[in-house]
Amino acid sequence: QVQMVESGGGLVQAGGSLRLSCAASGSIFSINVMGWYRQAPGKQRELVAAITSGGSTKYTDSVKGRFTVSRDNAKNTVYLQMNSLKPEDTAVYYCNARIGVYAGNSFMRDDYWGQGTQVTVSS
């Protein structure tokens, strides 16, 4: 069984910074891509940033130059450093990871999600 636990959300003024963390735990054999999604009220969930096990990253255009995704493979943890925050960054942020586990003799790879953490940016 795999768990993803997030931390680090909160309320911040525009221009401020926050750092989100998400740790995966359980019977993990491998983790491929880890990333962050967000969902604002009335909008679809969107990919914010992602990072491969080798360190390659991708970002949605609206956060490029302001957000940085990183990971600690030894700790199965992904981070999102958010700088120069804007009111439009307000959303619930979810971490996601593609994790491989063994169930008996069977290997399975699936997507796992964190519980979500609220980020609110005031103007």
Residue pair Ser84 / Asp89: nearest heavy atoms and the distance that separates them: O-OD2, 4.5 Å

dist Ser62:OG -> Glu46:CD (nearest 0.5 Å) comes out at 5.5 Å

Rounded to the nearest 0.5 Å, how far does OH of Tyr59 lie from CZ of Arg66? 12.0 Å

pair Val63-Trp36: side-chain heavy atoms closer than 4.5 Å: no

Roughly how far apart are Gln3 CD and Ser25 OG, rounded to 0.5 Å? 5.0 Å

For Arg38 and Ala91, which heavy atoms make the closest approach, and how far apart are they? CB-CB, 3.8 Å

Here the pair of heavy atoms bringing Ile31 nearest to Ser53 is O-CB, 3.8 Å

Working to the nearest 0.5 Å, report the span between CD1 of Ile51 and OG1 of Thr68. 10.0 Å

Taking the side chain as every heavy atom from C-beta outward, state whether Ile28 and Asn76 have any pair of such atoms under 4.5 Å apart. yes

Compare all side-chain heavy atoms of Met4 with those of Ile99 and state whether any distance is below 4.5 angstrom. yes

When rounded to the nearest 0.5 angstrom, what is the spacing between NZ in Lys75 and OG in Ser21? 9.5 Å

Under a single-linkage rule joining Ile, Leu, Val, Met, Phe, Trp and Tyr whose side-chain heavy atoms are separated by less than 4.5 Å, which residues share a cluster with Tyr102? Phe29, Phe107

Other hydrophobic cluster members with Tyr37, side-chain heavy atoms of Ile/Leu/Val/Met/Phe/Trp/Tyr under 4.5 Å, chained? Leu47, Val92, Tyr94, Trp113

Correct closest heavy-atom pair for Val5 and Gln115 would be CA-OE1, 3.8 Å

Could you state whether Val48 and Val33 fall into the same hydrophobic cluster, counting links through intermediate Ile, Leu, Val, Met, Phe, Trp or Tyr residues with side-chain heavy atoms under 4.5 angstrom apart? no

For the atom pair SG (Cys95) and CZ (Arg71), what is the distance rounded to the nearest 0.5 Å? 12.0 Å

Would you say Val119 and Leu18 make side-chain contact, with heavy atoms under 4.5 Å? yes

Is there a path from Tyr112 to Tyr79 through hydrophobic residues (I, L, V, M, F, W, Y) whose side chains come within less than 4.5 Å of each other? no

Could you tell me which non-hydrogen atom of Gly9 sits nearest to which non-hydrogen atom of Leu20, and how far apart they are? N-CD2, 3.6 Å

Would you say the side chain of Phe67 lies within less than 4.5 Å of the side chain of Val69, judging by non-hydrogen atoms? no

Looking only at heavy atoms, the pair that brings Gly116 and Glu6 closest together is N-OE2, 3.0 Å

Does any pair with a residue in residues 99-114 pass salt bridge (Lys or Arg N to Asp or Glu O under 4.0 Å), and if so which ones, sequence neighbours excluded? Arg98-Asp111

Taking the side chain as every heavy atom from C-beta outward, state whether Arg19 and Leu80 have any pair of such atoms under 4.5 Å apart. no

Donor + acceptor pair across side chains of Ser17, Asn83 (<3.5 Å): yes

Glu88 and Thr90: side chain donor to acceptor below 3.5 Å: no

